[in-house]
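A quick write-up on the structure given underneath.
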Amino acid sequence: MIFRSMQSNKSLFFRFFLAGICMFLLSLPVAAQSYADMWKSVRQSQRRDLPKTALLHLDKIVDKALQRGDGGQLIAALLVRQQVAADISPDSARVIPVMEGLLAGETRKPMLALYHVALGALYEGEDSHLNENAPEQVAAHYRAAMAHPEDLAQARMTDYLPFVVSGSDSRLFSDDLLHLVAKQAASGLLCGVRTKENLRQEAAQIYAEAIRCYRASGNRDAMLLMQLDSIDAVRPAYYLSSAQMEQFSKDYENLISRYADSRVAVEIYIRLSSLYADRGDERNAYRWASEGWQKYGHSKRAVVLKNRMMQMERPTLSLNFNGNQSFPGQNDSIMITARNLTKAVMKFYRTELTAEKLFNQPMPEDKIKSYLKEVVMTVPINLRKGEPYESVSLRMPFTAPKPGVYYAVCEGEGLRSDYCAYFVSSLHAMVLPLDAQTTRVVVSDAQSGRPVEGATVTVRSSEQNNRTMAT
């Protein structure tokens, strides 16, 4: 039998799957000790860098699982075998034909679905340049995985360990296979092709099938979670137009009144807050986080909303010059931006640095402090009180001091901005291109405009780490 690597690093599915196997094996009860011993031997062989020995142990698991009909053990062993065999020889690791053969002889509907899920993930890892049919095979297997949703709703995850591992939300779905297969099939269809409208709609249809089953069983929590996943599936992965934002917001909001009594209703507010936060709409992101926290603060998942609010409420203070170079006595201004802060003081520190030194060696903050001399100018700042999440900006006018290199910093209510360099010079350089290869530089007095004789001009390359090109 010939195996070949499926380039597992391309598939998040396998990273989660392998992590899940490790978690499962650590918690196996004594009743499953025979499989536990085999998997323990596999892990020990891998730790000792003995892949051939690990393959022998994996083959024992495969044989035992085939004899007993333990599908979860069988698929898990085959997938791990592929990982291990690829370390020895990529050409010896191809497990797809083996699994396709097992699929062809399988009659149990839950196992059919799991084989299709595994094969869909395996084909995801195929190099499309070597197998141009891989994308179609991915989609075909994921579609086939959802052929019998009612049977998946009746199947329990515990019967298919360790290929599937129960998560924290599994109990909300009664630990069935349906929610796992539906999510993997829908996300697999959309892997790398979120721009294809037909596949987004097909993924939404997968969720619709799952929702129909949960509606029949009266599981409203599962219905809500699947509907949220369905909305996410049809939502474009990148930029949303204003019309799309409005539509998706309405889709989420419509769920609030329908599922207000659900144990997982907080998830609606998490989605709404994230929707607006991703767009940079702080007002609505905070609004939905706040409303969700007020209603469902008792829920464990509400901490997501609380953390978002705390992050958005965190006081901040920054300053930004319109330009960090000026002339003595010139009227200039600086932009102060703060959140949850109303009073501050802007200070200008004189230094004995030269522009040349700063140009050659950007200063870390601790080094900047060592060069600070006396404060030559202080500007009090009063900012209006904004909303808890709102950043308030104010442009403050000031008059540039005498020539020199200064650092400005803003301090207030226990906060301090970064230090910003500010250069004041009585010289002004006028750059005049004469032709494609010649440039004339005239240095003049900034106030009178008269040329300054004997000035030294240094030309640096911004593309070569500010390397001096000419002086």
Before giving the answer on salt bridge (charged side-chain N to carboxylate O under 4.0 Å, His left out), spell out for R339 and E390 the whole-Å C-alpha distance, their side-chain angles and the decisive distance to 0.1 Å.
-> CA-CA 6 Å; R339 182 171 60 201; E390 184 181 7; over 6 Å; no

Chi angles and distances behind the side chain to side chain contact (heavy atoms under 4.5 Å, CB included) call for S249, L272 | CA-CA 7 Å; S249 181; L272 272 165; 3.8 Å; yes

Mind running side chain to side chain contact (heavy atoms under 4.5 Å, CB included) on I61 and H57 for me, showing each step along the way?
-> CA-CA 7 Å; I61 297 175; H57 293 300; 5.7 Å; no

Assess whether side chain to side chain contact (heavy atoms under 4.5 Å, CB included) is satisfied between L58 and V62, documenting all intermediate values.
-> CA-CA 6 Å; L58 285 165; V62 170; 5.5 Å; no

Checking side chain to side chain contact (heavy atoms under 4.5 Å, CB included) for the pair L180/L152: CA distance, chi angles, key distance, verdict?
-> CA-CA 9 Å; L180 290 178; L152 295 175; over 6 Å; no

Between E413 and K343, is a salt bridge (charged side-chain N to carboxylate O under 4.0 Å, His left out) present by the stated rule, with each step listed?
-> CA-CA 7 Å; E413 300 180 17; K343 293 185 179 296; over 6 Å; no

Full working for salt bridge (charged side-chain N to carboxylate O under 4.0 Å, His left out) between D251 and R235 | CA-CA 11 Å; D251 289 341; R235 197 174 89 189; over 6 Å; no

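Within the model, atoms CG of L189 and NE2 of H141 stand 12.5 Å from one another, a figure rounded to the nearest 0.5 Å. Between M226 atom CE and C213 atom SG the span is 11.0 Å, to the nearest 0.5 Å. Between Q154 atom CD and S174 atom OG the span is 9.5 Å, to the nearest 0.5 Å. Between the CD1 atom of I336 and the SG atom of C410 there is a distance of 4.0 Å, given to the nearest 0.5 Å. In this structure, CG on D159 lies 10.0 Å from CG on D70, to the nearest 0.5 angstrom. Note that the CG atom of D176 and the CG atom of D151 stand 12.0 Å from one another [nearest 0.5 Å].
The side-chain heavy atoms of I270 and R308, taken from C-beta on, include no pair separated by under 4.5 Å. W39 has its side chain within reach of Q73: a pair of non-hydrogen atoms, C-beta onward, lies under 4.5 Å apart. The shortest side-chain heavy-atom distance between M111 and L74 does not fall under the 4.5 Å cut-off. Between R81 and L55 the shortest side-chain heavy-atom distance falls below 4.5 Å. Taking the side chain as every heavy atom from C-beta outward, E124 and P135 never approach each other to under 4.5 Å. Contact check for L415 versus T316: no side-chain heavy atoms found under the 4.5 Å cut-off. Annotation: side chain of M99 is in contact with side chain of L79 (closest heavy-atom distance under 4.5 Å). Side-chain contact check for I231 versus R271: every heavy-atom pair is 4.5 Å or farther apart.
Across every non-hydrogen atom of A65 and Y35, the tightest pair is CA-OH, 3.4 Å. Heavy-atom minimum distance, P51 versus V84: O-CG1, 3.4 Å. Nearest approach of S45 to T53, heavy atoms of both residues: OG-CG2, 3.4 Å. Across all their heavy atoms, P162 and V165 have their closest contact at O-CG2, 3.6 Å. Taking all atoms of both residues into account, the shortest heavy-atom contact from S417 to V409 is O-CG2, 3.5 Å. Among all heavy-atom pairs drawn from A210 and M146, the shortest one is N-CE, 4.5 Å.
Residues Y142 and H116 place their aromatic rings such that the two centres sit no closer than 6.0 Å. Between Y407 and Y371, the distance separating the two ring centers is not shorter than 6.0 angstrom.
The local environment of CZ in R395 is crowded, with over 12 non-hydrogen atoms from other residues, nucleotides or ligands closer than 6.0 Å. Around atom CG of D63, more than 12 heavy atoms belonging to other residues, nucleotides or ligands sit under 6.0 Å away. Heavy atoms from other residues, nucleotides or ligands lying under 6.0 Å from CD of Q311 number 12 at most. By the neighbour-count criterion of 12 heavy atoms within 6.0 Å, atom CZ of R156 is densely surrounded, having more than that number from other residues, nucleotides or ligands. Under a cut-off of 6.0 angstrom, the local environment of CE in M335 is crowded, with over 12 non-hydrogen atoms contributed by other residues, nucleotides or ligands.
Note on R171 versus D221: no salt bridge recorded, every NZ/NE/NH1/NH2 to OD/OE distance being 4.0 Å or above. We find that R301 and E267 are joined by a salt bridge, their nearest charged nitrogen and carboxylate oxygen being less than 4.0 Å apart. A salt bridge links E150 to R212: one of the charged nitrogens lies within less than 4.0 Å of a carboxylate oxygen. Taking a cutoff of 4.0 Å between a charged side-chain nitrogen and a carboxylate oxygen, E202 and R200 do not qualify as a salt bridge. Residues E365 and R416 are paired through a salt bridge, judged by an N-O separation under 4.0 Å between the basic side chain and the carboxylate.
Side-chain polar atoms of R220 and S262 form no donor-acceptor pair below 3.5 angstrom. Side-chain contact of S290 with Q294: a donor-acceptor pair under 3.5 Å is present, judged by distance alone. Looking at R263 and S299, their side chains never bring a donor and an acceptor atom within 3.5 Å of each other. A donor and an acceptor atom, one from each side chain of Y286 and D281, are nowhere located under 3.5 Å apart. In summary, the side chains of Y276 and E282 do not present any donor paired with an acceptor at a separation below 3.5 Å, with no hydrogens or angles considered. Using modelled atom types, one finds no donor on one side chain facing an acceptor on the other under 3.5 Å when comparing Y389 with N340. Judged by distance alone, the side chains of Y259 and Q227 do bring a donor and an acceptor atom under 3.5 Å apart. A donor-acceptor pair shorter than 3.5 Å can be found between the side chains of Y269 and K295. Side-chain contact check for Y207 and D232: no donor-acceptor pair (N or O, by modelled atom type) lies under 3.5 Å. Looking at T337 and S393, their side chains do bring a donor and an acceptor atom within 3.5 Å of each other.
Counting only distance, with no hydrogens or angles, the side chain of Y296 and the backbone of A260 share a donor-acceptor pair below 3.5 Å. Put simply, the side chain of N219 gets close to the backbone of L172: a donor and an acceptor are under 3.5 Å apart. With hydrogens and angles disregarded, a donor-acceptor distance shorter than 3.5 Å links the side chain of S273 to the backbone of A285. The backbone N or O of K369 sits nowhere less than 3.5 Å from a side-chain atom of Y349 that would complete a donor-acceptor pair.
Residue L102 forms a side-chain contact (heavy atoms from CB on, under 4.5 Å) with just one option from I75, L119, L66, and that option is L66.
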